[in-house]
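Letters A, B, ... mirror the listed sequences (proteins, then strands); counts begin at 1. The analysis underlying the following values was restricted to heavy atoms, covering all of them including side chains, and did not include hydrogens, waters or symmetry mates.
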Amino acid sequence: MKTLKSILLFAAVAITFAFGIKTEGGYKIGDTIEDFSLKNIDDKMVSLSDYKEAKGFIIVFTCNMCPYSIANEDRIIALDKKYKKLGYPVIAINPNDPKAMPGDGFKEMKKRAEEKEFTFPYLFDDGQKVYPKFGATKTPHVFIVSKPKMTVEYIGAIDNSSRNSDNVTEKYVENAVDALLNGNKPAKTETRAIGCSIKIL
Amino acid sequence: MLIFLCLQSCKKESKKSENLDITSVKTYTYAELKPFLEKENDKVYVVNFWATWCAPCVKELPAFEKLGKQYANQNVEVLLVSLDFPKQLDKRLIPFLEKNKLQSKVVLLDDVNEDFWIKAIDSTWTGAIPATLIYNENKRKFYEQSFDYDLLENELKTFL
């Protein structure tokens, strides 16, 4: 009887634990993120801890094939150009499984990065293990993280007009990073934009 | 390849002449679309958010078309809200609708303030597509996921 009880208890704990992880939905504002080690398009592994001088990061889940990602590529490059020197480099991560979306393979990532002359690392989430921790659901999906505690400061869109850069009236990511650089918290911490669902099998 | 192109264009031309009304798509702002997302009558509305460039969206469209047809006499209405790029309305969306002979009502949502209307349509929607809203005057449910016909029909049945 005692054994049965402990088995049941164990099962209950195991179930709660399993569901707890599954339904968490990733990092929230204020959470501390775990570092990762992912392969960059230059075949070297990249971790956030490599960036000793950075004040934080603009982490962008993006990919080659999604038209919303493509429509935002120039804006992502502009963010890196503006903020890398101020201590907030862009780190791009492709979360898609190439088996589900062949155009998003590692080779294709290298090609796209070369074509567009990406100024930032473009990492491949091999095995699709990192994006669920963030709770990224689509591309593009931005997470701004501040050092030293690796705190999530902002989650969402680059600006308020993903489909047409000519119509942008509010630059969410720039405003958030500017606030952080001035020692303030971002006024808007969560925004949304249409994006392509992350492709997994 | 050439033959294929000819076949396609020939088919399109003949189709255009017999069915002109399908080739126009209305563009709505969120404020204009909103009334279609909160009608209060005896119908069930199935609203699918999609785009021609979104592979999983295109894959599930036949399920929505079939549902619209099967349940047309049971007060079910399907609305397809396209999130295609407004600039590609004539070049992509309309040719796609013609080619695939979609029967459901299709509108294009073009509104700059995505952060506002995504949250307004459903507080849980992160903005990824495909996404679907099913509602009637008593009940409302939002699905940020893909559907096949059986799954979709099962969900619809919970509203009938």
Side-chain angles (χ1 to χ4, degrees), chain A residues 23 25-26 61 63-72 95-97 100-104 131 134-143 154-173 175-176 187-201, chain B residues 25 27-30 33 47-61 80-89 91-93 96 107-133 142-148 151:
Chain A
T23 54
F61 290 90
C63 67
N64 293 345
M65 300 300 287
C66 168
Y68 275 76
S69 287
I70 294 167
N72 277 281
N96 288 346
D97 184 347
M101 191 48 96
D104 284 330
Y131 89 81
F134 279 82
T137 59
K138 63 197 161 135
T139 54
H141 204 163
V142 182
F143 294 76
Y154 172 85
I155 301 174
I158 291 170
D159 53 46
N160 68 345
S161 177
S162 67
R163 276 186 281 187
N164 185 352
S165 58
D166 295 338
N167 291 342
V168 173
T169 55
E170 197 176 346
K171 294 183 172 181
Y172 301 134
V173 167
N175 292 346
K188 269 194 185 165
T189 55
E190 283 184 83
T191 63
R192 297 185 202 178
I194 295 296
C196 306
S197 56
I198 288 173
K199 306 295 186 294
I200 49 166
L201 280 184
Chain B
V25 170
T27 299
Y28 289 135
T29 61
Y30 174 65
L33 178 71
V47 185
N48 176 243
F49 296 89
W50 70 291
T52 58
W53 46 259
C54 161
C57 303
V58 171
K59 196 178 159 199
E60 68 174 13
L61 278 181
L80 303 176
V81 179
S82 161
L83 292 162
D84 275 86
F85 289 71
K87 280 180 190 160
Q88 296 178 342
L89 174 71
K91 274 198 189 135
R92 268 196 84 137
L93 180 59
F96 179 91
V107 299
L108 179 75
L109 174 57
D110 179 16
D111 197 318
V112 68
N113 203 354
E114 277 166 51
D115 181 48
F116 171 73
W117 57 255
I118 289 170
K119 286 172 184 166
I121 289 171
D122 192 87
S123 64
T124 66
W125 188 14
T126 71
I129 54 172
T132 298
L133 167 73
F142 194 84
Y143 309 84
E144 186 172 317
Q145 64 170 75
S146 296
F147 279 105
D148 60 26
L151 201 58

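Looking at heavy atoms from C-beta onward, A:K199 lies in side-chain contact with B:P56 at the 4.5 angstrom threshold.
Residue A:D166 comes nearest to B:K87 through the heavy atom pair OD2-NZ, 4.4 Å, listed as atom of the first residue, atom of the second, then distance. Taking both residues in full, the closest heavy atoms of B:A128 and A:S197 are given as CB-CA, 4.0 Å, listed atom of the first, atom of the second, then distance. Annotation for A:R163 and B:D110: closest pair NH2-CA, 3.8 Å, computed over non-hydrogen atoms.
Contacts of A:Y68 with chain B are made by both backbone and side-chain atoms, with heavy-atom separations under 4.5 Å. At a 4.5 Å heavy-atom cutoff, the contact between A:N164 and chain B is made by side-chain atoms alone. No part of B:Q145 comes within reach of chain A, as not one of its non-hydrogen atoms sits under 4.5 angstrom from that chain.
For the atom pair A:T137 OG1 and B:I129 CD1, the distance stands at 11.5 Å (nearest 0.5 Å). In this structure, CZ on A:R192 lies 8.0 Å from CG on B:D122, to the nearest 0.5 angstrom.
Comparing B:S146, B:S123, B:A131 by how many heavy-atom pairs each has under 4.5 Å with chain A, the most go to B:S123. Counting heavy-atom pairs under 4.5 Å between each of B:F49, B:W125, B:W117, B:F116 and chain A puts B:W125 at the top. Options A:G135, A:S162, A:A71 differ in how many heavy-atom pairs under 4.5 Å they form with chain B, and the most are formed by A:S162. Counting heavy-atom pairs closer than 4.5 Å to chain B, the top-ranked of the candidates A:A193, A:C196, A:S161 is A:A193. For chain B, the option among A:V168, A:N167, A:N160, A:I198 with the highest count of heavy-atom pairs below 4.5 Å is A:N160. Of the listed residues (B:N113, B:D84, B:L83), the greatest number of heavy-atom pairs within a distance under 4.5 Å of chain A belongs to B:L83.
With hydrogens and angles ignored, the 3.5 Å screen pairs a side-chain donor or acceptor of A:K138 with a backbone N or O of B:T126.
In this structure, B:K119 places its NZ atom where more than 12 heavy-atom neighbours from other residues, nucleotides or ligands lie under 6.0 Å away.
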